[in-house]
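See below for the structure under consideration.
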Amino acid sequence: MISLHDKIALVTGGSRGIGRATALRLAEAGADIVLNYVSSRDEADRTAERIAEMGRRVAVVRADVSEQPDVQSMMEFVGETFGRLDILVSNAASGGFRPLLAATPRNFEATMNTNVRALLFLVQAAHPLLERARDRAKVVAISSHGSHMALPMYGLIGSSKAALESLVRHMALEFGDQGMNFNVVQAGLVPTDSTRLLPGAQQMFDARSYKTMTGERQLEATDVADAVLFLCSPLSDLVQGQTLIVDGGAAVHV
Ligand SMILES: NC(=O)c1ccc[n+]([C@@H]2O[C@H](COP(=O)([O-])OP(=O)(O)OC[C@H]3O[C@@H](n4cnc5c(N)ncnc54)[C@H](OP(=O)(O)O)[C@@H]3O)[C@@H](O)[C@H]2O)c1
């Protein structure tokens, strides 16, 4: 049984999808939660209510993680409210699904700023709080198969995920000996608001279903959250700078 009692965890993009499942999972394990969102206040509040019903402390913080001042203010709030940070899950991501020939400079920057640069700002701002973590501090970023495979309309997001995974490895190199772990969970296709908008979503889900080695059981946000929970726990203290793939075996074969 993993216990995160007395741990403070911040989950970016915790209002919906994988972020929400992760926030709930960490809270079930005993952590107090800082739940970040950018636009879905009602969804964030509903998630926070479920966390509070578990008896955990929960704070909902609006911050656009692509904006450094927002990230800085959020970490100042965490410092003033909790005094430290034990777990940081960088989950929030965005970026429209579009062909590369149609990608504008603004599209490119928005995707990179939310999906990659945000982690740099988050860790820079959180570093003094992570140094005060109760045990080893844990930083987990959420990536996708697009970091190493080509997917339709996914060029901007996929390349941002490749950069994200590299950034995590370099953070592990630079801070890994300062009582902090930096790892990635690379998720397969999960039904969430963002993937339901994917062009050809149903065909992709059908193809994944064929490749996944779990029979009728499909990959859910909670499966990804379980892997994040492991990487946020003392059970993974010796796991550093790695990418854990959670996809039911879909990526093993062509
Ligand atoms: N779903 C999949 O199949 C899949 C597969 C592999 C990896 N992933 C990764 O898993 C993570 C979550 O994806 P999801 O499918 O759960 O997405 P989702 O359901 O679309 O939720 C996205 C979350 O990110 C938040 N967000 C977006 N931009 C933000 C910003 N600038 N600042 C702060 N929060 C922001 C949203 O907040 P609001 O609710 O306030 O808008 C929302 O909570 C992403 O990193 C994604 O790339 C997903």
Side-chain angles (χ1 to χ4, degrees), residues 10-25 33-48 60-75 88-97 109-119 121-122 140-149 151-154 156-165 167-168 184-198 200-202 204-205 207-209 211-212 218-225 227-228 243-248 250-251:
L10 166 60
V11 181
T12 69
S15 45
R16 295 185 282 122
I18 291 169
R20 172 170 55 198
T22 298
L24 292 170
R25 197 55 109 224
I33 304 292
V34 181
L35 193 85
N36 160 252
Y37 75 103
V38 68
S39 55
S40 309
R41 177 81 212 195
D42 290 348
E43 302 254 28
D45 283 343
R46 273 196 289 278
T47 308
V60 176
V61 183
R62 188 199 171 278
D64 180 342
V65 296
S66 69
E67 298 288 341
Q68 191 174 22
D70 277 25
V71 170
Q72 189 63 41
S73 303
M74 178 163 66
M75 290 308 173
L88 168 61
V89 181
S90 183
N91 160 82
S94 67
F97 303 109
E109 281 163 22
T111 306
M112 293 294 166
N113 290 352
T114 306
N115 299 5
V116 189
R117 202 180 65 169
L119 178 67
F121 293 159
L122 284 161
V140 179
I142 309 297
S143 185
S144 71
H145 285 321
S147 68
H148 63 110
M149 293 165 91
L151 307 169
M153 307 281 197
Y154 204 76
L156 288 187
I157 305 175
S159 52
S160 75
K161 294 299 189 183
L164 178 72
E165 292 182 18
L167 187 62
V168 168
V184 174
V185 170
Q186 192 186 99
L189 192 63
V190 176
T192 63
D193 292 344
S194 61
T195 49
R196 287 185 200 102
L197 294 176
L198 261 170
Q202 195 50 54
M204 284 190 77
F205 277 108
R208 283 290 143 180
S209 161
K211 285 184 164 189
T212 303
Q218 289 296 291
L219 186 69
E220 301 289 346
T222 48
D223 298 305
V224 182
V228 176
T243 296
L244 175 58
I245 298 175
V246 183
D247 70 347

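For the single chain, residues carry numbers from 1 onward in sequence order. Counting convention: from 1, in listed order, for ligands and their atoms alike.
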Part of Leu189 within contact of ligand 1 (heavy atoms, under 4.0 Å): both
Heavy-atom contact check, 4.0 Å cutoff: does Ala118 meet ligand 1? no
Begin from the C-alpha positions of His148 and Glu165 and carry the test side chain to side chain donor-acceptor pair (under 3.5 Å) through to its verdict. CA-CA 10 Å; His148 63 110; Glu165 292 182 18; over 6 Å; no
Assess whether a salt bridge exists between Arg46 and Asp42, defined as any Lys/Arg side-chain N lying under 4.0 Å from an Asp/Glu carboxylate O. no
Which option wins on minimum heavy-atom distance to atom 30 (C) of ligand 1: Asn36, Leu35, Asp64? Asp64
Using a 3.5 Å distance criterion without hydrogens, assess whether the side chain of Asn115 forms a donor-acceptor pair with backbone atoms of Ser94. yes
With side chain to side chain contact (heavy atoms under 4.5 Å, CB included) as the test, would you mind laying out the steps for Leu219 and Val246 before giving the verdict? CA-CA 8 Å; Leu219 186 69; Val246 183; 4.0 Å; yes
From Ser143 OG over to Ile157 CD1, what is the distance, rounded to the nearest 0.5 angstrom? 11.0 Å
For residues Thr47 and Tyr37, is any side-chain donor paired with an opposing acceptor at under 3.5 Å? no
Quick one: look up the protein heavy atom nearest atom 34 (N) of ligand 1 and list residue, atom name and how far away it is. Ala92 CB, 3.4 Å
Heavy-atom gap Arg62 to ligand 1 smaller than 4.0 Å: no
Give the contacting part of Ser143 toward ligand 1: side chain, backbone, both or neither, where contact means a heavy-atom distance below 4.0 Å. backbone
Taking both backbone and side-chain atoms of Ser39, is any N or O found less than 3.5 Å from an N or O belonging to ligand 1? yes
Whether Asp64 side chain and Val38 backbone form a donor-acceptor pair below 3.5 Å: no
For atom 12 (C) of ligand 1, find the nearest protein heavy atom and state the residue, atom name and distance (0.1 Å precision). Asn91 OD1, 3.1 Å
Closest by any non-hydrogen atom to atom 6 (C) of ligand 1: pick that one out of Ser94, Ser147, Ala187, Ser160. Ala187
Indicate yes or no for a side-chain donor-acceptor contact from Asn36 to the backbone of Val11 under 3.5 Å, with no hydrogens or angles considered. no
Atom 48 (C) of ligand 1 sits nearest the protein heavy atom Ile18 CD1, 3.6 Å
Expected output: side-chain Thr114 to main-chain Ala110 donor-acceptor under 3.5 Å: yes
Would you compute the distance between atom CG of Asn91 and atom CZ of Arg16 and round it to the nearest 0.5 angstrom? 10.0 Å
Between the side chain of Thr12 and the main-chain N/O of Ala92, is any donor-acceptor distance below 3.5 Å? yes
Atoms in ligand 1 with a heavy atom of Tyr37 nearer than 4.0 Å: 40 (O)
How close does the nearest protein non-hydrogen atom get to atom 3 (O) of ligand 1, and which residue and atom is it? Val190 N, 2.7 Å
Interfacing atoms of ligand 1 (cut-off 4.0 Å, heavy-atom, Ser15): 37 (O), 38 (P), 39 (O), 40 (O), 42 (C), 43 (O)
Does Val116 offer a backbone N or O that forms a donor-acceptor pair with the side chain of Ser160 under 3.5 Å? no
Is there a heavy atom in Ala63 that sits closer than 4.0 Å to ligand 1? yes
Interfacing atoms of ligand 1 (cut-off 4.0 Å, heavy-atom, Thr195): 1 (N), 2 (C), 3 (O)
Please write down residue, atom name and distance for the protein heavy atom closest to atom 36 (C) of ligand 1. Arg16 NH2, 3.7 Å
Quick one: look up the protein heavy atom nearest atom 25 (C) of ligand 1 and list residue, atom name and how far away it is. Gly13 CA, 3.5 Å
Going by the 4.0 angstrom heavy-atom rule, the piece of Val65 near ligand 1 is both
Report the nearest protein non-hydrogen atom to atom 9 (C) of ligand 1: residue, atom name, distance rounded to 0.1 Å. Ile142 CG2, 3.6 Å
The protein heavy atom nearest to atom 29 (C) of ligand 1 is Val38 CG1, 3.6 Å
Can a donor-acceptor pair be found, under 3.5 Å and without considering hydrogens, that links the side chain of Arg117 to the backbone of Ser66? yes
Just heavy atoms, cut-off under 4.0 Å: does Lys161 contact ligand 1 by side chain, backbone, both, or neither? side chain
A student comparing Gly158, Ala21, Ser40 should find that the heavy atom closest to atom 38 (P) of ligand 1 comes from Ser40
